[in-house]
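This report refers to the structure that appears directly beneath it.
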Amino acid sequence: MKFNKTVEHSDFTCEPNPGFGEVQVPVLLWCKVTKDNPVPDEVHLGNLSNYPINPFSATLHYGQSIFEGLKAYKLDNNTGIFRLKDAAERFHRSGKIMSMVQLPPEVFETCVSEYVKECSKYIPDYPLHSLYLRPLMFANDEKIKVASSKSYIFMVMSSIVGDYFASGDKKTKVLVGKHFTRAFEGGTGEAKTAANYALSLTAVNQAQDLGYQQVLYLDNKTKTNFEELGGMNFFWVQNGEIYTPELSGQILHGITRKTIIEIAKLKGLKVHETQLSLEALINGHKDGSITEVFAVGTAATLVPLDVIGVLDQDGKIEDYKFEAGPVGEMLKQYLIDTHNDKTELSKKYLTKVF
Ligand SMILES: Cc1ncc(COP(=O)(O)O)c(C=O)c1O
């Protein structure tokens with residue numbers, strides 16, 4: 001792999017707490033890969049510019065597109081990329097599910113590290129700010145024919161992101177409804193692919209029209225068990241123990257989910273990865289045994305869910321209210337400390353670039 005570097009650095013600045021994903025870091029890494037040659041000969045690292053897409057490009061028509069989301073944090077003397085290996089492995093797996101090139105994890109790791117070396121200077125010193133990295137791969141064959149593409153473009157781009165909670169203490173409300181579907185058996189629920197997000201938008205719009213921010217999905221088959229939110233994994237605390245839906249085959253294998261489970265175990269908490277039903281939530285709310293409900297993901301770390309609204313067939317909504325509590329707060333703080341190189345897990349999960 002040869003890196004062809006043509007980046008010209010500019011006077012890039014950004015205000016504290018910009019909207020998520022809105023600040024475009026002016027650097028782009030890209031390369032071509034094919035099924036026969038998944039290790040690119042040449043990788044370009046240059047300035048972000050309008051990347052031309054031929055209207056015949058298969059990705060626009062047939063949707064073969066996968067991505068990752070991970071963060072790099074400014075540390076005392078270097079920059080730490082959190083769980084780079086896990087993102088590389090998930091990207092490799094997403095490629096398989098979507099019949100695309102399976103980018104070798106080493107290529108992913110080298111490209112993301114080279115990108116971060118070039119861009120770490122753009123991470124501001126404001127607290128809890130980071131470089132949100134967006135590796136992306138999409139089909140590049142140029143013909144109108146339903147087939148998996150032979151050639152692909154792999155890119156790395158990024159955005160400066162701030163403290164997710166900076167906008168104040170607005171209540172987080174999520175909606176559950178039996179008619180909402182994000183993933184299904186034999187589908188693409190475990191892949192981080194554009195298709196899953198496209199599918200979720202009508203449901204999210206409906207939830208937002210009703211005053212909720214996100215949808216909390218039930219399994220598509222029985223409509224009884226929780227799966228995840230559109231962009232985060234789901235947890236609750238019951239009788240002091242941690243519960244999260246098991247990886248059913250339709251849920252994204254969240255990297256924050258995995259980290260929160262590890263932190264909880266490290267702190268001596270019992271963790272159950274199992275089926276979590278809507279009925280169990282309602283009962284646990286009623287008898288007070290479920291004390292905290294939260295969602296986790298790279299973008300926001302850990303977000304307590306204040307209200308879970310359950311929409312019935314007649315359009316009536318019953319709200320179940322919860323409060324943020326000490327278990328979620330402790331897990332979130334440990335996670336943030338890990339990102340900042342302050343815990344025993346930091347060594348394991350931060351890839352340092354200088
Ligand atoms: C559908 C979905 N579930 C869960 C997550 C959380 O995953 P991670 O912790 O790896 O960010 C995401 C994150 O983008 C997601 O899109």
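Just so it is clear, the values below take in all heavy atoms, side chains as well, and ignore hydrogens, waters and symmetry mates. Whatever order the structure lists them in is the order used to number ligands and atoms, beginning at 1. In this chain, numbering begins with 1 at the start of the sequence shown.
The single protein non-hydrogen atom nearest to atom 5 (C) of ligand 1 is Gly231 O, 3.3 Å, given as residue, atom name and distance. Atom 14 (O) of ligand 1 has as its closest protein heavy atom Lys192 NZ, 2.4 Å. The shortest contact between atom 11 (O) of ligand 1 and any protein heavy atom is with Thr298 OG1, 2.6 Å. Protein heavy atom in closest approach to atom 9 (O) of ligand 1: Thr256 OG1, 2.5 Å. Ranking protein heavy atoms by distance to atom 7 (O) of ligand 1, first place goes to Gly254 CA, 3.5 Å. Nearest protein neighbour of atom 1 (C) of ligand 1, counting heavy atoms only, is Gly230 O, 3.2 Å.
The aromatic rings of Tyr243 and Trp236 are tilted relative to each other, their planes meeting at an angle between 30° and 60°. Between Tyr73 and Phe82, the ring-plane angle classifies as perpendicular under the 30° and 60° cut-offs. In this pair, Phe67 and Tyr197 present their aromatic rings tilted. The plane angle is within the 30 to 60° band. Ring geometry, Tyr320 versus His285: the interplanar angle exceeds 60°, so the pair is classed perpendicular (tilted spans 30 to 60°).
Of the options Asn78, Thr79, Asp341, a side chain to side chain donor-acceptor pair (under 3.5 Å) to Lys352 is made by Asp341 and by none of the others.
In the displayed structure, Lys258 atom NZ is contacted under 6.0 Å by more than 12 heavy atoms of other residues, nucleotides or ligands.
Heavy-atom proximity to Glu228, at under 4.0 Å, picks out these atoms of ligand 1: 1 (C), 2 (C), 3 (N), 4 (C). Near Arg182, with a cut-off below 4.0 Å to any heavy atom, the atoms of ligand 1 are 1 (C). Counting the atoms of ligand 1 from 1 in the order shown, those under 4.0 Å from a heavy atom of Leu252 are 2 (C), 3 (N), 4 (C), 5 (C), 7 (O), 12 (C), 15 (C). Taking a cut-off of under 4.0 Å to the non-hydrogen atoms of Tyr197, the atoms of ligand 1 that pass are 1 (C), 15 (C), 16 (O).
Within the 4.0 Å heavy-atom shell around ligand 1 one does not find His253.
Between Ile255 and ligand 1, a contact under 3.5 Å exists for at least one N or O pair.
For Asn233, heavy-atom contacts with ligand 1 shorter than 4.0 Å involve the backbone as well as the side chain.
Checked against the 6.0 Å centroid threshold, Tyr122 and His9 count as a close aromatic pair.
Taking each heavy atom of Leu281 and Ile290 in turn, the nearest pair found is CA-CD1, 3.8 Å.
Ion pairing of Glu228 with Arg257 is absent here, as no side-chain N (NZ or NE/NH1/NH2) approaches a carboxylate O to less than 4.0 Å.
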